[in-house]
Amino acid sequence: MIRAAPLLLLACASPLAAQAYQCRVPATATAPEISRDGPIRTAPVTGYTMALSWSPEFCKPRAGQRSHARQCSRREGRFGFVLHGLWPQSARFWPQWCPSSARPTGAQLAAQLCRSPSARLAARQWAKHGACMARTPRTYFRVSNILFDSLRWPDLDRLSRKEALSAGDLREVFVAANRGWRKDAVGIKANERGWLEEVRLCYDRRFRPAACDAARFGPADDAALNIWRGL
């Protein structure tokens with residue numbers, strides 16, 4: 001209880017704008033061609049994963065790359081957590097590359113750019129994952145956005161300064177900020193040096209928090225964790 005008290009102070013809820021500071025949605029975006037780079041896998045959907053990339057870590061080695069300029073140059077805003085994608089799950093694997101003739105429009109991709117700051121990323125998420133769970137890009141993006149916009153964001157800048165920071169600390173402040181969530185539904189992906197790359201939220205078929213399997217849960221609560229601020 002003594003240890004949890006200061007962590008609760010870090011769970012100050014913040015709106016979407018705090019994750020996309022000064023980002024503005026353009027009227028349209030170029031809809032890129034997405035080529036399949038893996039096998040088609042279809043299976044009944046048993047749940048979902050929402051992957052939230054920690055943008056400061058992603059941008060650390062990419063700040064000067066033109067292909068990631070919107071996310072990393074800071075000219076189009078400064079990003080915290082960004083929506084990597086919403087992925088359907090089956091009992092055995094991730095369904096992917098389900099055949100579909102539907103393609104997102106430039107306007108639909110533009111509307112995603114303060115959540116997923118890359119038209120190519122958003123288009124690829126639809127092609128690889130969304131077509132396995134929705135009939136149209138519009139439905140896929142709408143569901144993804146409802147889930148993303150419903151979240152409250154703990155203060156990772158403050159959390160990153162905590163001594164002996166652990167994966168459990170991050171799960172704890174996320175759960176404190178989001179009523180109804182539980183620690184076993186909050187997966188973490190860190191790189192080989194222990195720096196946070198993504199939070200992966202696990203849902204059941206009705207989009208309620210559900211326990212992550214070991215692959216999605218990631219490091220144990222007592223594992224050391226580092227968070228690159230870079231904001």
Side-chain angles (χ1 to χ4, degrees), residues 10-21 23 47-60 62 68 70-72 77-89 94 112-118 120-122 124-126 128-130 133 140-160 165 167-191 194-204 207-213 215-219 225-231:
L10 302 177
C12 52
S14 54
L16 168 63
Q19 301 302 303
Y21 180 66
C23 176
Y48 303 89
T49 302
M50 186 161 62
L52 305 168
S53 295
W54 181 236
S55 189
E57 181 65 31
F58 176 85
C59 288
K60 186 164 53 175
R62 299 177 176 89
H68 298 292
R70 179 175 183 85
Q71 182 172 350
C72 300
R78 298 185 181 188
F79 297 91
F81 279 114
V82 302
L83 176 58
H84 181 166
L86 181 64
W87 306 336
Q89 294 282 143
W94 280 325
Q112 293 302 113
L113 290 180
C114 285
R115 300 178 181 90
S116 302
S118 163
R120 177 166 294 279
L121 170 63
R124 179 179 170 82
Q125 292 304 299
W126 155 253
K128 184 173 182 179
H129 302 289
M133 59 173 277
Y140 174 67
F141 292 140
R142 181 172 180 270
V143 172
S144 300
N145 295 345
I146 288 172
L147 295 175
F148 184 80
D149 294 352
S150 73
L151 296 173
R152 308 292 285 179
W153 306 101
D155 187 343
L156 260 64
D157 181 83
R158 291 180 62 188
L159 182 64
S160 69
L165 178 65
D169 291 333
L170 175 53
R171 292 186 176 107
E172 200 166 312
V173 297
F174 183 88
V175 168
N178 290 275
R179 181 180 297 180
W181 278 88
R182 56 200 226 204
K183 290 176 66 175
D184 65 354
V186 181
I188 291 174
K189 182 176 183 290
N191 66 21
W195 290 88
L196 174 68
E197 291 186 336
E198 285 193 338
V199 167
R200 293 182 172 178
L201 302 180
C202 300
Y203 297 86
D204 65 15
F207 296 104
R208 297 174 303 192
C212 300
D213 54 38
R216 289 181 293 165
F217 188 74
L225 185 69
N226 301 301
I227 300 175
W228 181 257
R229 291 186 290 273
L231 291 174

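FYI, side chains are in, hydrogens and waters are out, and symmetry mates aren't considered; it's all heavy atoms of this structure.
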K.L.:
Is there a donor in the side chain of Gln71 and an acceptor in the side chain of Ser55, or the other way round, less than 3.5 Å apart?
P.N.:
yes
K.L.:
Do the ring planes of His68 and Phe58 sit parallel (below 30°), tilted (30 to 60°) or perpendicular (above 60°)?
P.N.:
perpendicular
K.L.:
What is the minimum heavy-atom distance between Pro56 and Phe79, and which atoms define it?
P.N.:
CD-O, 3.8 Å
K.L.:
I want to know whether Tyr203 and Trp181 have ring centres closer than 6.0 Å.
P.N.:
yes
K.L.:
Would you compute the distance between atom CH2 of Trp126 and atom OH of Tyr140 and round it to the nearest 0.5 angstrom?
P.N.:
9.0 Å
K.L.:
Heavy atoms only: give me the nearest Ala210-Ala185 pair and the separation to one decimal.
P.N.:
O-CB, 3.1 Å
K.L.:
With a 4.5 Å heavy-atom cut-off, do Leu201 and Leu147 have their side chains touching?
P.N.:
no
K.L.:
Side chains of Leu86 and Thr49: closer than 4.5 Å at any heavy-atom pair?
P.N.:
no
K.L.:
For Leu151 and Phe174, which heavy atoms make the closest approach, and how far apart are they?
P.N.:
CD2-CZ, 3.9 Å
K.L.:
Counting C-beta onward and ignoring hydrogens, is there a side-chain heavy-atom pair between Leu170 and Leu159 closer than 4.5 Å?
P.N.:
yes
K.L.:
With side chains defined as the heavy atoms from C-beta onward, is the minimum distance between Leu83 and Leu121 less than 4.5 Å?
P.N.:
no
K.L.:
Quick one: CZ on Arg78 to SG on Cys59, what's the gap to the nearest 0.5 Å?
P.N.:
11.5 Å
K.L.:
Identify, with sequence neighbours excluded, every residue that meets salt bridge (Lys or Arg N to Asp or Glu O under 4.0 Å) alongside Lys128.
P.N.:
none
K.L.:
State which residues pass side chain to side chain donor-acceptor pair (under 3.5 Å) with Asp184; sequence neighbours excluded, sorted by chain then number.
P.N.:
Arg182
K.L.:
Could you tell me which non-hydrogen atom of Ala20 sits nearest to which non-hydrogen atom of Cys114, and how far apart they are?
P.N.:
CB-O, 3.3 Å
K.L.:
Is any side-chain heavy atom of Phe207 closer than 4.5 Å to a side-chain heavy atom of Val143?
P.N.:
yes
K.L.:
Which residues pass the ring-ring contact (aromatic ring centres under 6.0 Å, His included) test with Phe81, not counting sequence neighbours?
P.N.:
Trp54, Trp153
K.L.:
Please report the interatomic distance CZ(Arg171) to SG(Cys212), rounded to the nearest 0.5 Å.
P.N.:
7.5 Å
K.L.:
Apply side chain to side chain donor-acceptor pair (under 3.5 Å) to Arg62 and list each qualifying residue two or more places apart in sequence or on a separate chain.
P.N.:
none
K.L.:
Among residues at least two apart in sequence or on other chains, which ones pass side chain to side chain donor-acceptor pair (under 3.5 Å) with Glu198?
P.N.:
Ser53, His84, Arg200
K.L.:
Is there side-chain contact between Asn145 and Gln112, with at least one heavy-atom pair below 4.5 Å?
P.N.:
yes
K.L.:
Supply the atom-to-atom distance His129 NE2 to Arg124 CZ, rounded to the nearest 0.5 angstrom.
P.N.:
7.0 Å
K.L.:
Any side-chain heavy atom of Leu52 sitting closer than 4.5 Å to one from Gln19?
P.N.:
no
K.L.:
What's the spacing between Asn191 CG and Glu197 CD if we round to 0.5 Å?
P.N.:
4.5 Å
K.L.:
Who passes side chain to side chain donor-acceptor pair (under 3.5 Å) against Lys183, sequence neighbours left out?
P.N.:
Asp221
K.L.:
What closest approach, in Å, do Gly180 and Pro209 show between heavy atoms, and which atom pair accounts for it?
P.N.:
O-CG, 3.7 Å
